[in-house]
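Structure, as structure tokens:
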Amino acid sequence: MYKFNKETYEKRIQWYKDARFGMFIHWGLYAIPARGEWVRSNEEITKEEYMNYFYEFNPQNFDPAQWAKAAKAAGMKYVILTAKHHDGFCLFDSKYTKFKSTNTQLKKDIVKEFTDAVRKEGLKVGLYFSLLDWFHNDYPHYGDKFHPMRNNKNYTNENRDFNSYLKYMHNQVEELCTNYGKIDILWFDFSYDDMRGEKWKATELIKMVRKHQPDVIIDNRLEVSGEGKGSLAMCNPTPYHGDFVSPEQIVPPEGVTNINGEPLMWESCVTMNNNWGYHGTDNNFKSGEMLIKKLVECVSKGGNMLLNVGPDANGNIPPQSMKILDEIGQWMNKNSASRYKCGPSGLPKPDYGRITADMGGNIKYVHVFENTIGPLPLPGFKKDEIKSIRELATGREVPLSTSWVHSDYPDMCFANLGPNPILPDSTDYVLKITTK
Ligand code: GLC
């Protein structure tokens, strides 16, 4: 019987809870067709045709130091790279396949250079690994829900040996866990239908992983996908339960709890436009301003945000994404204290913004997204408990208001932001409130 050890769990997850903000990098051969990382499945492309991208792959500007620097400058604390996506192409020098980056014109072990570069910036290292594999002959083809050859009767599954695929998959995870130093996060993707849990031989897999990487944080997708929470949330953890829930393309409306209503660690993974892998014509980029607010939303609800970039076929993070990262970085430079090591405040959400709280102390951060008419109400705060109010960006004192206009609300505190209705930071103006 597996026994969940809450103490070990809390210990290993602490840095990750503190971090709150990470970068996801989706990169692979699919950057060449530039129609997203699902292109082979979506367009039912044969293996032979897809191989052309493998022969062509030769990113001239591959420089993971630039990726790591961009992540750090944006205030991110960890970076997760797709070591293998569903197409089966390995960005690492696996000895179990020829379909890997070292055999392309680039000739490099991308994972090796990536892990070195990320650590050099002082950030934590994560690897994404796809459980699905559309390249391996022993993975179900015809009739599978997602395989590119799912509709092609020539690809029946008679002579396919799923156990042999599992062996291959486990071997590769072992390579990732032994050849690249300390791995901080393993991000498996994903389970569907009966392809979940023990179908992946997950107990055995995680036993091996934990042997090599005792402190690694693992997502919940050996059990579920972006849909579903997993056994930790059911309060009945399996040996391969995830350490966090991984909602995708949504910030959970009320955070995430287990069936007993207790808060559970989660990480919302989010794209900047509408694709994970590089997409040449998808210009539906969210604004930096919006993403700053959504990050604050995640923190105020006790979760992390994993923000994606999809470098192009030359290895460059698209300029639109760099601009967003830069905007986030500029805000972070002044305000990151309201996010790092912070979480829910327990106070009511004000209608002009959100509140985050320092998890270790008596500091609350009031995030003002839009100004109010009249002094700024501080719901949940009591006058005699407030020690000081400071503008986080400058440390400038912000007085409590003594105006007559709020005399009808004697139990509410109000801050006096001064006569100018334009906030000093139009995205998210942060007040640091220290209580006694
Ligand atoms: C989905 C997709 C995949 C993407 C992942 C990120 O499960 O299959 O393409 O990598 O989400 O969360």
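Counting convention: from 1, in listed order, for ligands and their atoms alike. Note: hydrogens, waters and symmetry copies are ignored here, and every other heavy atom, side chains too, is used.
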> Using a 4.0 angstrom limit on heavy atoms, which residues are close to ligand 1?
Replying inline: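 Around ligand 1, where the cutoff is 4.0 Å for heavy atoms, the contacting residues are Phe24, His26, Glu37, Trp38, His85, His86, Tyr128, Trp187, Asp189, Phe190, Arg221, Glu248, Cys269, Trp276.
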Checking Lys432 now: which residues fulfil side-chain hydrogen bond (donor to acceptor under 3.5 Å, both in side chains) with it, not counting sequence neighbours?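 Expected list: none.
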Check: Do you know the tightest heavy-atom contact between Ala74 and Met332?
Finding: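 Smallest interatomic distance, heavy atoms only, reads O-CG, 3.4 Å.
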Discussion item. Within a 6.0 Å radius of atom CD on Glu227, are there more than 12 heavy atoms belonging to other residues, nucleotides or ligands?
Written reply: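 Not more than 12 within 6.0 Å, no.
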Asp184 meets the salt bridge (Lys or Arg N to Asp or Glu O under 4.0 Å) criterion, sequence neighbours left out, with Lys182
**Asked** Taking 4.0 angstrom as the limit, do Lys120 and Asp116 come out as a salt bridge?
**Response**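 Salt bridge: no.
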Could you tabulate the donor-acceptor pairs under 3.5 Å formed by side-chain atoms of residues 343-352, not counting sequence neighbours?
{"unit_1": "Ser345", "atom_1": "OG", "unit_2": "Leu347", "atom_2": "N", "d": "3.1"}
{"unit_1": "Lys349", "atom_1": "NZ", "unit_2": "Gly353", "atom_2": "O", "d": "3.0"}
{"unit_1": "Tyr352", "atom_1": "OH", "unit_2": "Pro377", "atom_2": "O", "d": "2.6"}

